[in-house]
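Just the heavy atoms: all of them, side chains too, but no hydrogens, waters or symmetry mates, feed the values below.
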Amino acid sequence: MDIVHTDDLSDPRLDDFVRLTDVALRRKLESRRGLYLAEGLKVIERSLAAGHCPRAVLLEERWLADILRLLDKYHRTDSGVTVFLTGSGQIKSITGYRIHRGAMASFERPCLPGTADFLCRIEDTARKEKRRAKIFVLENLVDHTNVGAVFRSAAALGVDGILVTPSCADPLYRRSVKVSMGNVFHIPWTRIEKWPQEIKMLEERGWITASLALRADALSLRDFASLPEVCASGAKIALILGTEGDGLSQTTIARSRYSVVIPMYDGVDSLNVAAAGALAAWELQ
């Protein structure tokens, strides 16, 4: 491991942090799968605990002992990680705001499992623990803050995993990671390759598919959660959450086994998607 002092943001060795957009990070040529950034010591620790491989760290010198402790705990310190030490002003100029416990790190993106392998792992775990399995499917969410908030709620409220559709925002985008408080590394997720065609695959595997949708014929969330097939100990529930504004596509709603609605008061027609997902996860506990 190398420790380098620098206040020069033009240093090409800082490219991971300074000059690359999130899209460019995903396509970083030296990495087979690209990179992502983790901000703050807590998020960095969750990345390391998930087994992700760090490439470089940028931090204020006062946090050096903390980052060395984390690297020693979760990762070999002789494996080529470079630690760059700089001032708080330089880090703020990169991020646009002050990072709590100022540190950020670049990580190799993990290899995502295929949809079938992803579901097998969740099903096997639920079966061994003799309980229900629950997943979210995020259809075309475009706001990275919402994606991060959904992951945080899902991890807190017992959701086993998350599938994201091809057009959904990247859970490893810097803002998503930060808002999730690193829970994008804690809760299993992968991209579903064909959507909404793979609703059929979910049903064939025994998953109860339910679209959160504003429809007159939809079941209330409480009524859905009370259905005998949903309450059964071995039930597998896939709750589908739609994009901000337009909600779920009509094709997705038509192919789902159920449409589910959260009743509203005082003329409010819907909740933010992350809030709706949190309420649904709570009710399905």
Side-chain angles (χ1 to χ4, degrees), residues 113-141 146-147 150-151 153-166 168 171 187-243 246-264 270-271 273-285:
T115 305
D117 288 343
F118 169 85
L119 292 171
C120 270
R121 295 174 195 176
I122 288 174
E123 292 162 354
D124 288 347
T125 299
R127 189 181 305 112
K128 290 174 183 176
E129 297 177 0
K130 298 180 180 179
R131 60 170 177 81
R132 296 184 300 172
K134 294 166 290 185
I135 61 171
F136 282 163
V137 181
L138 307 186
E139 181 180 274
N140 302 341
L141 270 63
N146 282 337
V147 171
V150 169
F151 268 82
S153 296
L157 296 170
V159 175
D160 295 292
I162 295 178
L163 289 171
V164 299
T165 63
C168 187
I187 188 164
W189 69 277
T190 197
R191 283 200 182 270
I192 197 164
E193 294 180 2
K194 296 179 180 179
W195 187 260
Q197 297 93 316
E198 292 202 18
I199 291 176
K200 181 179 179 182
M201 178 270 294
L202 287 169
E203 288 281 349
E204 289 174 345
R205 294 183 69 100
W207 287 85
I208 302 166
T209 56
S211 291
L212 273 185
L214 299 173
R215 290 172 58 96
D217 60 349
L219 284 173
S220 75
L221 175 59
R222 181 152 296 173
D223 287 344
F224 171 73
S226 300
L227 291 173
E229 65 174 317
V230 173
C231 294
S233 61
K236 298 183 291 187
I237 306 153
L239 194 67
I240 308 168
L241 307 177
T243 186
D246 294 335
L248 292 169
S249 71
Q250 292 304 309
T251 303
T252 294
I253 295 170
R255 293 186 181 187
S256 300
R257 192 184 311 183
Y258 292 102
S259 293
V260 177
V261 67
I262 299 172
M264 303 286 164
S270 65
L271 292 171
V273 63
L279 278 176
W282 172 261
E283 191 68 38
L284 289 170
Q285 283 184 322

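Contact detail for A274 and N146: the closest heavy-atom pair is CB-O, 4.1 Å. When all heavy atoms of V150 and I162 are compared, the closest pair comes out as CG1-CD1, 4.3 Å. Among all heavy-atom pairs drawn from V159 and A281, the shortest one is CG2-CB, 3.8 Å. Closest approach of R191 and T165 over heavy atoms only: NH1-O, 2.8 Å. Counting all heavy atoms, side chain and backbone alike, I253 lies closest to S211 at CA-OG, 3.9 Å. Nearest heavy-atom pair, V164 versus P171, reported as atom, atom and distance to 0.1 Å: CG1-CG, 4.2 Å.
Between the side chains of T243 and E139, not a single donor N or O lies within less than 3.5 Å of an accepting N or O.
Distance check: C168 SG to N140 CG gives 7.0 Å after rounding to the nearest 0.5 Å. Between the CZ atom of F118 and the CD1 atom of I192 there is a distance of 9.0 Å, given to the nearest 0.5 Å. Distance check, rounded to the nearest 0.5 Å: CG of L219 to OG of S259 gives 8.5 Å. Atom CG in L119 sits 6.0 Å away from atom CH2 in W207 (nearest 0.5 Å). Rounding to the nearest 0.5 Å gives a distance of 6.5 Å between CG of L202 and CG of L163. Taking NZ of K134 as the reference point, atom CG of L157 lies at 8.5 Å (rounded to 0.5 Å).
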Legend entry - Worked check of side chain to side chain contact (heavy atoms under 4.5 Å, CB included) between L239 and I135: CA-CA 6 Å; L239 194 67; I135 61 171; over 6 Å; no
Inset, instruction - Take D223 and S220 through the side chain to side chain donor-acceptor pair (under 3.5 Å) test and state the conclusion after the steps. - result: CA-CA 5 Å; D223 287 344; S220 75; 3.2 Å; yes
Legend entry - Check against side chain to side chain contact (heavy atoms under 4.5 Å, CB included), W195 and I240: CA-CA 12 Å; W195 187 260; I240 308 168; 3.9 Å; yes
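Under the 4.5 Å side-chain criterion, counting only non-hydrogen atoms from C-beta, V261 is not in contact with L212. Using a 4.5 Å heavy-atom cutoff, the side chains of F151 and W189 are in contact. Using a 4.5 Å heavy-atom cutoff, the side chains of Q197 and R255 are in contact.
For K236 and E229, the salt-bridge test fails: no basic side-chain N is under 4.0 Å from an acidic carboxylate O. Comment: D160 does not engage R121 in a salt bridge, judged by the lack of any side-chain N to carboxylate O separation of less than 4.0 angstrom.
Counting heavy atoms of neighbouring residues, nucleotides and ligands inside a 6.0 Å radius, atom CZ of R222 does not exceed 12 of them.
With sequence neighbours left out, V230 forms a side-chain contact (heavy atoms from CB on, under 4.5 Å) with R132, I208, F224, L227, I237, L284.
Between the side chain of S256 and the main chain of T252, a donor-acceptor pair closer than 3.5 Å is present.
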